[in-house]
Amino acid sequence: LKLIREQTATFIRDLSALRAEVGTLREKQACVEQFLGFSHGKIAESAANFADRFAVLEKLVGDASTVQDGHARDLKGLKDSHDKHARGLDELRAASSAHASIPDRIEYIE
């Protein structure tokens with residue numbers, strides 16, 4: 001009976017020591033989770049924030065693409081207008097080269 005009491009006392013003492021160690025480990029784990037931001041709900045919240053931020057980025061890229069397409073069309077229109085104007089200017093120069101200048105006309109009349 002004395003042996004059983006001693007063994008029970010040792011068992012209770014060891015069990016108390018283990019409970020204290022488990023409590024210490026839980027506290028350390030909680031500190032680490034808090035430090036890393038992994039406490040309950042933080043991961044899901046972080047994922048939701050990431051999804052929201054990614055959606056905003058996708059929208060911005062889509063908007064930028066639309067604006068870029070508009071700028072490309074405007075630029076093509078300006079290039080076409082410039083080419084048309086350059087052709088008209090070349091035609092005008094060609095036509096004016098066939099005409100005599102005023103000093104040439106006065107010389108011809110004299």
Side-chain angles (χ1 to χ4, degrees):
L1 193 61
K2 184 177 180 182
L3 181 63
I4 292 175
R5 285 184 190 154
E6 287 176 6
Q7 287 177 344
T8 305
T10 304
F11 177 74
I12 291 172
R13 196 172 45 246
D14 290 344
L15 184 61
S16 296
L18 287 174
R19 282 184 179 164
E21 286 182 34
V22 168
T24 303
L25 288 174
R26 283 184 180 165
E27 289 173 5
K28 287 181 180 178
Q29 182 181 3
C31 289
V32 168
E33 286 178 352
Q34 186 179 10
F35 178 73
L36 295 176
F38 292 143
S39 60
H40 185 66
K42 290 277 186 169
I43 294 173
E45 181 181 317
S46 177
N49 288 339
F50 178 75
D52 292 342
R53 287 182 279 171
F54 194 73
V56 168
L57 286 175
E58 284 180 331
K59 183 182 180 304
L60 289 174
V61 168
D63 292 347
S65 174
T66 304
V67 169
Q68 186 178 6
D69 291 344
H71 288 318
R73 282 192 301 276
D74 293 345
L75 184 60
K76 185 177 181 332
L78 287 172
K79 284 181 181 179
D80 292 344
S81 175
H82 177 266
D83 291 344
K84 181 179 176 184
H85 179 69
R87 282 193 303 271
L89 189 59
D90 289 342
E91 290 172 4
L92 183 62
R93 285 183 183 146
S96 69
S97 69
H99 295 287
S101 65
I102 292 178
D104 290 341
R105 289 180 182 183
I106 291 175
E107 186 179 316
Y108 177 76
I109 293 175
E110 293 176 346

J.: Whether the side chain of T24 engages the backbone of A20 through a donor-acceptor N/O pair (distance < 3.5 Å, no angle test) should be reported.
T.: yes
J.: Are any of the side-chain nitrogens in K84 or D80 under 4.0 Å away from the carboxylate oxygens of its partner?
T.: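 No salt bridge links K84 with D80.
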J.: Take a 6.0 Å sphere around CD of E107 and say whether it holds more than 12 heavy atoms from other residues, nucleotides or ligands.
T.: no
J.: Quick one: CG on L3 to CZ on R5, what's the gap to the nearest 0.5 Å?
T.: 11.5 Å
J.: H82 versus L78: any side-chain heavy-atom pair under 4.5 Å?
T.: no
J.: Do H71 and L75 have side chains that get closer than 4.5 Å, going by heavy atoms?
T.: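 They are not in side-chain contact.
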J.: Flag yes if more than 12 heavy atoms outside E58 fall under 6.0 Å of its CD atom; otherwise flag no.
T.: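 Enclosed.
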J.: Once rounded to the nearest 0.5 Å, what's the spacing between atom OG1 of T10 and atom CG of L15?
T.: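 If we round to the nearest 0.5 Å, T10:OG1 and L15:CG are 12.0 Å apart.
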J.: Rounded to the nearest 0.5 Å, what separation is found between the CD atom of E6 and the CG atom of L1?
T.: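 So the CD of E6 and the CG of L1 are separated by 10.5 Å.
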J.: So how far is it from I12 CD1 to Q7 CD, rounded to the nearest 0.5 Å?
T.: 12.0 Å
